[in-house]
Amino acid sequence: MRRFQSGAIPESGDVRLDEAMSHHLLRVTRIRVGEQVELFDGRGKVARATLLSDDQGVAVLSIDEPPRLAAPAHAAHLLIGIPKGPAMDLAIRMATEAGATHIHPVLLQRSVAKGDRYDRWTRIARSSAQQCGRGDIPELLPLAKLEEAAARLPEDVGRYVAHPGGEAASSATGAF
């Protein structure tokens, strides 16, 4: 079933999508009046809806069932050093599909790539959540140095470092 992001999902009634989502629903995927789709609000709510009409390029949908919660039970933070080239785009897609709830892009001492592509990364996370069936979109935090990003982590979050050739994580929580 095709999925589209909606600003808010009411318990019942009609929903009007924004211009960009309406264009995608009506022109790109060519959903027709009477077809069912799934709406998600990006904060964890998901509901089935039926396309009622095309009101001058704006999709109007009717909520078929009360929204349900489809968000992860636990927070998963990912701190990731910005790699060279388009690898960050792929990392954000994969982290979203894997269930990361917060993505912290960090600048490391030997980072080659410099620059914040926050808007692009946000669009990639939104698109990935739409494709993989998540009800929420991971929160993308501002670019920061590793120490600053680690300081923003909640105290009760387990901390692990992925390192090629490193040992498997034990049950004890490590620290940076």
Please list every donor-acceptor pair under 3.5 Å in which a side-chain atom of residues 25-36 meets a protein atom from a residue at least two apart or in another chain.
residue : atom : partner : partner atom : Å
Arg27   : NH1  : Asp54   : OD2          : 3.4
Arg27   : NH2  : Asp54   : OD2          : 3.2
Thr29   : OG1  : His24   : O            : 3.1
Thr29   : OG1  : Leu25   : O            : 2.9
Glu35   : OE2  : Arg32   : N            : 2.8
Gln36   : NE2  : Asp64   : OD2          : 2.8

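Using a 4.5 Å cut-off on side-chain heavy atoms (C-beta onward), Leu17 and Leu39 make contact. A heavy-atom distance below 4.5 Å is not found between the side chains of Arg134 and Phe40. Between Pro154 and His77, the closest side-chain pair of non-hydrogen atoms falls below 4.5 Å. Residues Leu146 and Leu79 have side chains in contact (heavy-atom distance under 4.5 Å, counting atoms from C-beta outward). A heavy-atom distance below 4.5 Å is not found between the side chains of Pro142 and Glu148.
Nearest heavy-atom pair, Asp41 versus Gly7, reported as atom, atom and distance to 0.1 Å: CB-O, 4.1 Å. The two residues Leu78 and Ala95 have their closest heavy-atom pair at CD2-CB, 3.6 Å. Across all their heavy atoms, Gly57 and Ser22 have their closest contact at O-CB, 3.3 Å. Smallest separation of non-hydrogen atoms from Gly135 and Val46: CA-CG2, 3.6 Å. For the pair Ala8 and Ser6, the tightest heavy-atom approach, listed with the atom from each and the gap, is O-OG, 3.1 Å. Here the shortest heavy-atom pairing between Asp136 and Ala129 reads O-CB, 3.5 Å.
When the shell of 6.0 Å around CZ of Arg2 is examined, it contains 12 or fewer heavy atoms from other residues, nucleotides or ligands. The environment of Glu19 atom CD is sparse: at most 12 non-hydrogen atoms of other residues, nucleotides or ligands sit within 6.0 angstrom.
The CD atom of Glu11 sits 9.5 Å away from the CD1 atom of Ile63 when rounded to the nearest 0.5 Å. Residue Ile124 holds its CD1 atom at 7.5 Å from CZ of Arg117, rounded to the nearest 0.5 Å.
Glu38 places no side-chain N or O within donor-acceptor distance of the main-chain N or O of Arg3, the cut-off being under 3.5 Å. A distance-only check finds no donor-acceptor pair linking the side chain of Asp55 to the backbone of Val58 [under 3.5 Å].
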